Amino acid sequence: MDEIVALCRRRGFIFQSSEIYGGINGFWDYGPLGTELKRNLKNAWWHDVVQGELIGPDGNPVDIVGLDSTIIMHPKVWVASGHATGFNDPMVDCKASTQRYRADHLVVLGAIEPGARLYAFVQADDEQRAKSEKALLKYERRETLDPTRHVLRPFTAISDDERSRTQGPDAKEPGSLTAARQFNLMFKTLVGAIEDPANYAYLRPETAQGIFANFQNVVDSSRVKVPFGIAQMGKAFRNEVTPRNFTFRSREFEQMEIEFFIRPDTAVEWYGWWRQQRFRWWQSIGLSSSNLQLREHDRDELAHYAKAGAGVCDIEYKFPFTDPDFGELEGVAHRADFDLRQHAEHSGKGDKARYFDQEKNDRYFPHVIEPSAGADRGTLALLCEAYTRDETRASKVFLRFHPRMAPIKAGIFPLVNKDGMPEIAEKIWKELRKSHVVEFDEKQSIGKRYARMDEAGTPFCLTIDSQTIQDGTLTVRHRDDQRQERLPVGTIGSWLTDQIQGRFD
Ligand code: ATP
């Protein structure tokens, strides 16, 4: 993972936000290549869900319309959605180190004996675990742990007395960890100039509520009929207690969410369909099946509104930092009619907010299937999937992006800077850049130019040489197997489009 992070910085995929001031934890900026990569991911999502040609389980084209709602909404939205009260992670502060930990991430190692010294660490952190074990052995003057005495327990299961004997992961002495406290993950801000609680507002922690709050507007202003979906992508903010794993857990991130409204009696059918659909989509943009998994949630894991529903699952990716486990890329949930009912109640619209089915002369609150994906986690998965070591290459690594995702689609090079080659190359570049992101490069040796493109994940390099002048063909060099072939200059534009769209001859 460290190598991927270093490459991202060096080649301009991802930088730490405010790096010149030492950075700010949990915030990331996308550089020139990263911006293209993330934009390709978002465009593909928008194209495939909103403008796509999906056919639903009922055999009809799937109808999804777009929305772009605000980041700051009326504070009552978050009361209705449950975020104002329920969006909490119990959290533990360390008074000695000023570090903050999620209580459910901490475990405690030590003997269950009066007066025994205990050591807390973040369960997923192998380094902290090793440090705690070493400290415990040193304190008890032992060589190895004793499985009959030393046990590992969740931090949330220990008593106050035990907590006072617990040494925190970043502390030098025991007793500095506070009890777990609730902590709201929403960023608070002020609307207007006056510092008054009545003016408090929140940065949205998910894009979904903008969709629910606009449900009636969309129904009244367009021709949508259940079943239909509303899609939105945009920024979301969560004051995560422990942002970590590069962009995986950030405090500012982008979501790509669909709320798909259905008749309640079709929930099982649509849930199953979306689950498969979304899983296949991640495969279609280049994530391999061996690194992807669909994990159905156990009933006791489910949010209150989902308990009686058709199901909730996560589409997960095996990131280098989760391996051999997986981390969530997207959640697909049957949210029933929870959100629409909540907004109907809290806004005072009541039963008037129900959807009216003209054909069936029926009024009801539609149920919702929500596929909710993260654009930053998706981009990170694309980077991790693409990262390939190859000692035989000048660059030592190359990024094996699907051509549709690659930030630069082709590099265009004159073999040498004479005999009219630069002029032809420039002409091709000017033509291709009308429809694709392509780069013209005439500096350094051809080997170095290939190496630069390999590291940027550019799938094709087009070289203009002396044969081009004779027979109007150029050399295409393929990134993954370094194979070369000659193609006519005149067809290169349509050939490139076919490759990007995945239409291979
Ligand atoms: P987690 O359990 O990892 O905190 P979540 O279940 O709270 O995630 P959702 O509320 O379902 O996440 O949000 C939908 C999607 O938004 C996630 O699948 C993920 O891709 C993205 N997402 C959520 N939180 C973050 C974050 N802190 N940083 C980056 N992406 C995030």
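Both ligands and their constituent atoms are indexed starting at 1 by order of listing. All values derive from a computational prediction rather than experimental measurement.
Not one N or O of Phe253 is nearer than 3.5 Å to an N or O of ligand 1, by distance alone.
Contact check for Asp170 versus Tyr101: side-chain heavy atoms found under the 4.5 Å cut-off.
The protein atom (non-hydrogen) at minimum distance from atom 19 (C) of ligand 1 is Arg377 NH1, 3.6 Å. For atom 29 (C) of ligand 1, the nearest protein heavy atom (residue, atom name, distance) is Phe248 O, 3.1 Å. Scanning all protein heavy atoms for the shortest distance to atom 4 (O) of ligand 1 gives Arg249 NH1, 2.8 Å. In terms of protein heavy-atom proximity, atom 28 (N) of ligand 1 is nearest to Ser250 N, 3.0 Å. From the protein, the heavy atom lying nearest to atom 20 (O) of ligand 1 is Leu329 O, 2.9 Å. Here the heavy atom of the protein found nearest to atom 14 (C) of ligand 1 is Ser372 OG, 3.0 Å. Looking from atom 6 (O) of ligand 1 to the surrounding protein, the closest heavy atom is Glu328 OE1, 3.1 Å.
With 3.5 Å as the limit, one finds no donor-acceptor pair spanning the side chains of Ser81 and Gln342.
Considering only residues two or more places apart in sequence or on other chains, Phe121 meets the ring pair (Phe, Tyr, Trp, His ring centres under 6.0 Å) condition with none of them. Residues satisfying the ring pair (Phe, Tyr, Trp, His ring centres under 6.0 Å) criterion with Trp46, sequence neighbours excluded, are absent altogether.
Less than 4.0 angstrom separates some heavy atom of Gly374 from each of these atoms of ligand 1: 20 (O), 21 (C). Listed by number with element, the atoms of ligand 1 under 4.0 angstrom from any heavy atom of Gln255 are 13 (O), 14 (C), 15 (C), 16 (O).
In summary, Asp58 and Arg263 do not engage in a salt bridge, as defined by a charged side-chain N under 4.0 Å from a carboxylate O. Note on Asp63 versus Arg223: no salt bridge recorded, every NZ/NE/NH1/NH2 to OD/OE distance being 4.0 Å or above.
Looking at Glu206, Glu330, Arg238 and measuring to atom 9 (P) of ligand 1, the nearest heavy atom belongs to Arg238.
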Take Arg249 and Arg238 through the test side chain to side chain contact (heavy atoms under 4.5 Å, CB included) and record every step on the way to the result. CA-CA 9 Å; Arg249 190 169 300 288; Arg238 294 181 191 176; over 6 Å; no
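The only member of Trp281, Tyr317, Trp282 that meets side-chain hydrogen bond (donor to acceptor under 3.5 Å, both in side chains) when paired with Glu330 is Trp282.
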